[in-house]
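Read through the structure below, which is laid out as structure tokens, and then see the notes.
What you see below is based on every heavy atom in this structure, not just the backbone, and it leaves out hydrogens, waters and symmetry mates.
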Amino acid sequence: WLMMSLWDALRMNMMISYQELVRTFPCYSGAWHLFNYYGADITSIAVDNHGLQTDKLPEYETQLCYVTPAHQYPMGSVLSLERRQSLLTWAQRVGAYILEDDYDAVFTYGENPLPALKAMDYHNRVIYMGTFSKTLGPGTRLGYLICPDELLPAVKNMKALNNNGSQWLLQQFLAELMQNQVFYSHISKLACNYAARLNLLRDGLSVLFPSGKIAGATAGLHLSLRVDRHPDMIARLQQRCLLAGIRFDTLPDIENGSGAAWRRENSDAVMFFGFGGLQIQQIKKVLSVLEQALAQP
């Protein structure tokens, strides 16, 4: 609902019918389907190990650019500092807003995190969007936007029209958690637990797939693994794991059109492993099942 309210607000605020939108591929299915539903004219820009390839951005008037710079979904790459600056310069040049979907980057590991695009934005081109679904649980149904001032009235109006608001009691509870610093202690503990799970999963996958390329190990709650294996072989591996009660997704599993565009330019198979809901022992089981499945002819 948050993204839907924002998109309606943008359309109402700009009062124009030409809806040019840029987004990465592959990308989050929720965003893909929403933008297509509203009939946006979409330009897809590929990602690589450094995130969105800003040198391929279109040089014409654009309304919105949707990105997940801190932990690109689903591939896991991080948008480099140089490309962040390039993206902001481009947005100012073509008159675009940047929708920065910071869905799970509250969890960062090992390295000093790069500043959010919003923190680097001196021309009010960035709309920062976040959620508490990864910190308090999806059932909380709480998210937030940090918008340029000129968009606030339209966003508030569309939010009010789309629903009757979030639960005030839950919002008050969260505010008190933040005020008393309990929320931040909670985040710190979660980050330590997730870091241990991440390290175990990453190291195990590196042993099982020595030639594979792992991305997404600096932030968030999932990894991507690119392997030079035939899709049929990956499908057999997936089925063997499912029989043992273990699931991982591949790019076709989260197909939304943007994945198909990526596969036209890349031959590697891509596997996705989430670890947010798994304990250490469960991750060890995942690695053990994968090892046994790989050993089968």
Checklist line | More than 12 heavy atoms from other groups under 6.0 Å of CZ on Arg93 | finding: yes

Margin query: Any heavy-atom pair between the side chains of Phe35 and Cys27 that's under 4.5 Å?
Written below: no

Check: What distance do His222 atom NE2 and Met75 atom CE have between them, rounded to the nearest 0.5 Å?
Finding: 8.5 Å

Margin query: In the structure I gave you, are the side-chain heavy atoms of Phe272 and Leu251 within less than 4.5 Å of one another anywhere?
Written below: yes

Next item on the list: Verify whether one side chain among Lys56 and Gln53 offers a donor that lies under 3.5 Å from an acceptor in the other.
Entry: yes

Note to self: Using side-chain heavy atoms (C-beta onward) and a distance below 4.5 Å, is Glu61 in contact with Val94?
What the structure shows: no

Checklist line | Closest approach of Val78 to Leu114 (non-hydrogen atoms, all atoms of both residues) | finding: CG1-CD1, 4.1 Å

Notebook entry, point to check: Quick one: does NZ or CZ of Arg125 land under 6.0 Å from the six-membered ring centre of Tyr97, within 45 degrees of the ring axis?
Noted result: yes

Check: Using a distance-only test with no angle check, is there a side-chain donor-acceptor pair under 3.5 angstrom linking Ser86 and Glu82?
Finding: no

Next item on the list: List the steps, then state whether side chain to side chain donor-acceptor pair (under 3.5 Å) holds for Tyr60 with Thr43.
Entry: CA-CA 11 Å; Tyr60 46 73; Thr43 300; 2.9 Å; yes

Checklist line | Side chains of Leu142 and Gln171 in contact at under 4.5 Å (non-hydrogen atoms) | finding: yes

Note to self: So Leu237 and Phe248, do their side chains get closer than 4.5 Å, heavy atoms only?
What the structure shows: yes

Next item on the list: Ignoring hydrogens and angles, state whether a donor on the side chain of Asp203 or Ser206 is under 3.5 Å from an acceptor on the partner side chain.
Entry: no

Notebook entry, point to check: Counting N and O atoms only, with roles assigned by atom type, does the side chain of Ser185 sit under 3.5 Å from a partner on the main chain of Gln181, one being a donor and the other an acceptor?
Noted result: yes

Next item on the list: Give a yes or no on this: more than 12 heavy atoms of other residues, nucleotides or ligands lie within 6.0 Å of atom CG of Asp228.
Entry: no

Notebook entry, point to check: Under 4.5 Å between side-chain heavy atoms, hopping through other hydrophobics if needed: is there a path connecting Met271 to Leu242?
Noted result: no

Notebook entry, point to check: When you check the gap from the basic side-chain N to the acidic O, do Arg83 and Asp48 get nearer than 4.0 Å?
Noted result: yes

Note to self: Does Glu59 have more than 12 heavy atoms from other residues, nucleotides or ligands lying within 6.0 Å of its CD?
What the structure shows: yes

Margin query: Run the ring pair (Phe, Tyr, Trp, His ring centres under 6.0 Å) test on His71 and Phe107 for me, step by step, so that the C-alpha distance in whole Å, both residues' side-chain angles and the decisive distance to 0.1 Å come before the verdict.
Written below: CA-CA 10 Å; His71 191 221; Phe107 301 114; over 10 Å; no

Note to self: Testing the basics here: between Ala217 and Tyr109, what is the closest heavy-atom pair and its distance to 0.1 Å?
What the structure shows: O-CD1, 4.1 Å

